[in-house]
Amino acid sequence: MPSQTLKDIIWQVVYSIPEGEVMSYGQIARLCGYPGHARYVGAVLKQLPDDSQLPWHRVINAQGRLSFPPESASFAQQKARLEAEGWRLDGSKVRRVLQSS
DNA sequence: TGTGTGACCACTG
DNA sequence: ACAGTGGCCACAC
């Protein structure tokens with residue numbers, strides 16, 4: 001059996017997402033060498049303790065949105081953390097803060 | 001061993 | 001742009 005479970009690999013990949021960048025669940029699954037496991041990536045992140053140091057907020061879905069109900073506390077926290085790293089929510093879409101306007 | 005469950009995704013109209 | 005649909009597959013029970 002693997003010394004590293006898929007869960008371990010996912011943690012590593014999420015941890016490696018640099019500040020200022022975001023990645024989709026499916027993208028992470030593929031990077032782990034497990035294409036088709038996007039849902040599992042979400043399941044793993046869901047188990048993280050609140051005080052986790054993992055940058056889970058840099059993980060959004062393939063549509064460029066947050067995978068939480070807009071009124072939830074998790075949504076608010078992810079939104080806040082992303083905004084602190086140079087992103088903004090344009091409607092429900094996550095967009096890089098930039099340039100012109 | 002079998003079934004239900006998703007912090008998903010790609011495709012379609 | 002948006003909603004519906006089917007597919008996905010490890011995991012918890």
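Every value quoted in this text rests on a predicted model; they were computed, and no experiment measured them.
Among residues at least two apart or in separate chains, side chain to side chain donor-acceptor pair (under 3.5 Å) pairs with a member in residues 64-75 of chain A are A:Asn61-A:Ser67, A:Arg65-A:Ser92.
Across every strand in view, B:dT1 sits unpaired, with no contact that passes the Watson-Crick or G-U test at under 3.5 angstrom.
In this structure, the separation between CD1 on A:Ile28 and CD1 on A:Ile9 is 13.0 Å, given to the nearest 0.5 Å. Taking CD from A:Gln78 and CD from A:Glu83, the interatomic distance works out to 11.0 Å, rounded to the nearest 0.5 Å. Rounded to the nearest 0.5 Å, atoms CD (A:Glu19) and NE2 (A:His57) are 7.5 Å apart. Remark: A:Trp11 CH2 to A:Gln53 CD distance equals 14.0 Å, nearest 0.5 Å.
Nucleotide B:dA7 holds its C1' atom 12 Å from the CD1 atom of A:Ile60, rounded to whole Å. Rounded to an integer number of Å, the gap from NZ of A:Lys46 to P of B:dA7 is 4 Å. One interatomic measurement links the two molecules: CD1 of A:Ile10 to C1' of B:dC8, which rounds to 12 Å at whole-angstrom precision. The CE-C1' distance, from A:Met23 to B:dC9, rounds to 17 Å in whole Å.
Heavy atoms from other residues, nucleotides or ligands lying under 6.0 Å from CZ of A:Arg88 number 12 at most.
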Report task. Treat primed atoms plus P, OP1 and OP2 as sugar-phosphate and everything else as base, then score nucleotides 1-13 of chain C 5' to 3': B for base contact with protein heavy atoms under 4.0 Å, S for sugar-phosphate contact only, - for none. Result -> -S----BBSSS--
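Without hydrogens or angle criteria, A:Gln27 side chain to A:Ser24 main chain gives a donor-acceptor distance under 3.5 Å. Under the 3.5 Å distance criterion, the side-chain polar atoms of A:Lys79 are left unmatched by any main-chain donor or acceptor of A:Pro70.
Within 4.0 Å (heavy atoms only), A:Ala43 reaches no atom of the nucleic acid at all.
Ranking B:dC8, B:dA10, B:dA7 by closeness to the A:Arg30 side chain, first place goes to B:dA10.
Checked against the 6.0 Å centroid threshold, A:Tyr40 and A:His37 do not count as a close aromatic pair.
Not one side-chain nitrogen or oxygen of A:Ser24 sits closer than 4.0 Å to the OP1 or OP2 atom of B:dC8.
Within residues 69-79 of chain A, no residue approaches DNA chain B, by heavy-atom distance under 4.0 Å.
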